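None of these values were measured; they are calculated from a predicted model.
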Amino acid sequence: EKADLFYVPAYFPVLFWLGQNAVGDDPHLACVNETLAALETFPFLSRSAGYDHLLIYGFEYPHWKRLPHLVLDTYSPLIGNALLLSV
């Protein structure tokens, strides 16, 4: 509870890359959903509306497609506020 920053040890870009052409249920996108649902069970994400959470992203993230199933805000409105470190 005294932390200033929370690192989320999940690499969502790989899951988005693997599920980018998904039609219907996709196990990779289900993993994104399950991970963020689990994260929301803790009080820390809502404490600062996600602004104190850090996610690692890489160049392979297909964000340029802007498809709803490839955007974190689709899975959790608070995680869209997280800091993204691109490597």
Side-chain angles (χ1 to χ4, degrees):
E1 293 184 12
K2 295 181 181 182
D4 294 323
L5 188 65
F6 294 92
Y7 168 65
V8 178
Y11 197 63
F12 296 113
V14 170
L15 297 170
F16 284 144
W17 186 260
L18 293 171
Q20 66 182 314
N21 297 318
V23 178
D25 293 336
D26 180 86
H28 307 100
L29 300 178
C31 184
V32 172
N33 194 43
E34 292 167 10
T35 301
L36 292 175
L39 189 62
E40 289 178 343
T41 64
F42 297 99
F44 310 111
L45 183 64
S46 61
R47 183 182 74 174
S48 294
Y51 286 103
D52 56 358
H53 282 63
L54 174 68
L55 302 172
I56 305 294
Y57 268 53
F59 69 93
E60 73 281 350
Y61 172 59
H63 64 280
W64 50 270
K65 292 189 176 186
R66 297 302 295 170
L67 299 172
H69 65 283
L70 302 178
V71 179
L72 280 174
D73 298 31
T74 301
Y75 300 90
S76 169
L78 297 178
I79 204 67
N81 298 330
L83 300 165
L84 298 180
L85 178 62
S86 182
V87 293

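- Leu72 places a side-chain heavy atom less than 4.5 Å from the side chain of Leu36.
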side-chain contact (heavy atoms from CB on, under 4.5 Å) between Phe44 and Leu39, intermediate numbers included:
CA-CA 8 Å; Phe44 310 111; Leu39 189 62; over 6 Å; no
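- Relative orientation of the Phe16 and Tyr75 rings is tilted, given thresholds of 30° and 60° on the angle between their planes.
- Residue Ser76 forms a side-chain contact (heavy atoms from CB on, under 4.5 Å) with just one option from Asn33, Leu45, Asn81, and that option is Leu45.
- In this structure, the separation between CG on Leu29 and CG on Leu18 is 9.0 Å, given to the nearest 0.5 Å.
- Across all non-hydrogen atoms, the minimal contact from Gly19 to Asp26 is CA-OD2, 3.7 Å.
- Nearest heavy atom pair, residue Pro77 against residue Glu40, reads CD-OE2, 4.4 Å.
- At least one side-chain heavy atom of Leu55 sits less than 4.5 Å from a side-chain heavy atom of Ile79.
- Heavy atoms only, all atoms of each residue included: Leu15 and His28 are closest at O-CB, 3.5 Å.
- Residues Tyr51 and Leu78 fail the side-chain proximity criterion, which asks for heavy atoms closer than 4.5 Å.
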